Q: 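After the structure tokens below, expect a handful of questions from me.
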Amino acid sequence: MDSLLSGLNVLDFTTLLPGPFATLQLADLGANILSIESPSRIDGMRLSSPYINQEEKISSIFAFLNRNKRFLTLDLKKEGSFIIIERLLRSYDIVIEQFRPGVMDRLGLSYKKLSEINSRIIYCSITGYGQSGPLKDKAGHDVNYLSQSGVMGYSGRKNTGPVLIGIQVSDILAGSNNAVIAILAAVINRIKTGKGQHIDISITDGMFPCHAISGIKELNRQGSVDCETEMLNGGSIYDFYKTADDRYISIAAIEPQFFNNLCDVLELGDINIKDALRSNDNSKIKRLIAEKIKSNTSDYWIDKFKDVDACVDLVLNLREALESDHVKERSLLVDVPGPYGGKQRQFACPMKFSDYDPEYRRYGCAPGEDTLEVLKSLNFGDNEIREFKDQGIIDFKYN
């Protein structure tokens, strides 16, 4: 059976996290991803220790983000590189890039130019702030996009301010995932119209709709939001509570049936749920809950709540989460073979299909691993390939 996205051929000009995570998802679903790498400007993820293969300098992070992809090492600053790109565009009609606005234009690889070669080109640009606007040329990282979108303005504690979290929320949620959604939407439109288009993905823009719960009232001038003022940001009993053994319990009992069950287990007596959910009325209730949870160990509370529907869970550390029954039953981890033997344990594709199982063919490889094979598949002769190599346009591994 064909994979879900067989026939989608993607030229990937991205590095670091947002773009590579987007093309990882497409690759897991069967798209053919060819990553274009600079021979001189190394992807920072290749330099992130630890290494899964010290000899080939393959980072464990890079190996995960770039599984199921092929790699062509090509110096886009060399004029002759466009000969190769032009031939690739005969079959690769989806392009994804992550440079600052204007960089691809200066390289001669703008949407306008590539669409003149192939009108079916779907060209996705991922940037921190978009292709237009006063911030478009500004450098940024995940925490900057969270800041500029107002997310960190009410994510944290009143007495300490914003609090960092352990994952790159905006990079993946607003960058990678929106890119995948937009590309697949453009593919469907191309099936109907025969035309491609340019997609402008701004990571910061993508965070604004995420204010759907608390931020909508600020948008409509119905009240302001701040740290610990909302039901879901610490302004209600929805929060974390410390146990006697210095672990944390998460409590999200904000519906009546769950709240009543919580009160029964904690022996809190008759408490009005409305008071528990009001940020200006619940300090006493939260203190009662905190005192109860602090009075015993995490094992005790998990045992007490194991058969109770109250939205109560232990805050697991990552090792505990990875070894949980849920992860095993849902097959969320896979062993992916490497190009030089051996395997690496990686996070599996989280999407489950009734009639498709993702294939995990190869983890991310060394620079230039597939250059020779790709050029030969484009019908470049040995003399042409040697000339490209001598001019520094390409680089590849010798077997």
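In this text, all values refer to a predicted model and were calculated from it rather than measured experimentally.
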Q: May I have the step-by-step check of side chain to side chain contact (heavy atoms under 4.5 Å, CB included) for I251 and I249, ending in yes or no?
A: CA-CA 6 Å; I251 294 179; I249 298 289; 4.1 Å; yes
Q: Evaluate the ring planes of W301 and F305, with Trp represented by its six-membered ring, and classify them as parallel (under 30°), tilted (30 to 60°) or perpendicular (over 60°).
A: tilted
Q: May I ask you to say whether R46 pairs ionically with D43, meaning some side-chain N is under 4.0 Å from a carboxylate O?
A: no
Q: Checking R87 against F380: charged group under 6.0 Å from the ring centre and within 45 degrees of the axis?
A: yes
Q: Linking I/L/V/M/F/W/Y whenever their side-chain heavy atoms sit closer than 4.5 Å, directly or via other members, would F62 and L47 fall into one cluster?
A: no
Q: Side chains of Y92 and N32: donor-acceptor distance under 3.5 Å anywhere?
A: yes
Q: With T23 as reference, evaluate I33, L11, I94 under the side-chain contact (heavy atoms from CB on, under 4.5 Å) test and give the passing residue.
A: I33
Q: Give a yes or no on whether a salt bridge exists between D12 and R70, defined as a side-chain N under 4.0 angstrom from a carboxylate O.
A: no
Q: Would you call K328 and E323 a salt bridge, using N to O less than 4.0 angstrom?
A: no
Q: Take F396 and L72 through the side chain to side chain contact (heavy atoms under 4.5 Å, CB included) test and state the conclusion after the steps.
A: CA-CA 8 Å; F396 53 82; L72 168 64; over 6 Å; no
Q: Does CZ belonging to R345 count more than 12 external heavy atoms closer than 6.0 Å?
A: yes
Q: Show the numbers, then the answer: is there a side-chain hydrogen bond (donor to acceptor under 3.5 Å, both in side chains) between D75 and S81?
A: CA-CA 7 Å; D75 191 340; S81 67; over 6 Å; no
Q: Could you tell me whether K77 atom NZ has more than 12 heavy atoms of other residues or ligands within 6.0 Å of it?
A: no
Q: Would you mind listing every side-chain hydrogen bond (donor to acceptor under 3.5 Å, both in side chains) that reaches into residues 125-134, with sequence neighbours excluded?
A: E97-S125, S125-H198
Q: Could you pull out all residues at least two apart from I181 that satisfy side chain to side chain contact (heavy atoms under 4.5 Å, CB included)?
A: N178
Q: Please walk me through it: do I117 and F82 pass side chain to side chain contact (heavy atoms under 4.5 Å, CB included)?
A: CA-CA 12 Å; I117 298 170; F82 191 76; 3.4 Å; yes
Q: With a 6.0 Å cut-off (strictly less than), is the heavy-atom count around CG of L316, excluding the residue itself, greater than 12?
A: yes
Q: Does D246 pair with K294 as a salt bridge, N-O distance under 4.0 Å?
A: yes
Q: Would you say S170 and D142 are linked by a side-chain donor-acceptor pair, where the criterion is simply a distance under 3.5 Å?
A: yes
Q: For K352, does the NZ atom have more than 12 heavy-atom neighbours from other residues, nucleotides or ligands under 6.0 Å away?
A: yes
Q: Taking D226 first and then K158, would you say they form a salt bridge - that is, a charged N and a carboxylate O separated by under 4.0 Å?
A: no
Q: Got a sec: does the CD of E267 have more than 12 other heavy atoms crowding it under 6.0 Å?
A: no
Q: Here's one to test your reading of the geometry: is the NZ or CZ of K292 within 45 degrees of the ring axis of Y241 and under 6.0 Å from its centre?
A: no
Q: Does a sphere of radius 6.0 Å around NZ in K343 hold more than 12 heavy atoms from other residues, nucleotides or ligands, not counting ones at 6.0 Å or beyond?
A: no
Q: Answer yes if the side chains of Q257 and E255 hold a donor-acceptor pair under 3.5 Å, and no otherwise.
A: no
Q: Is it true that N118 and D93 share a donor-acceptor pair across their side chains at a distance under 3.5 Å?
A: no
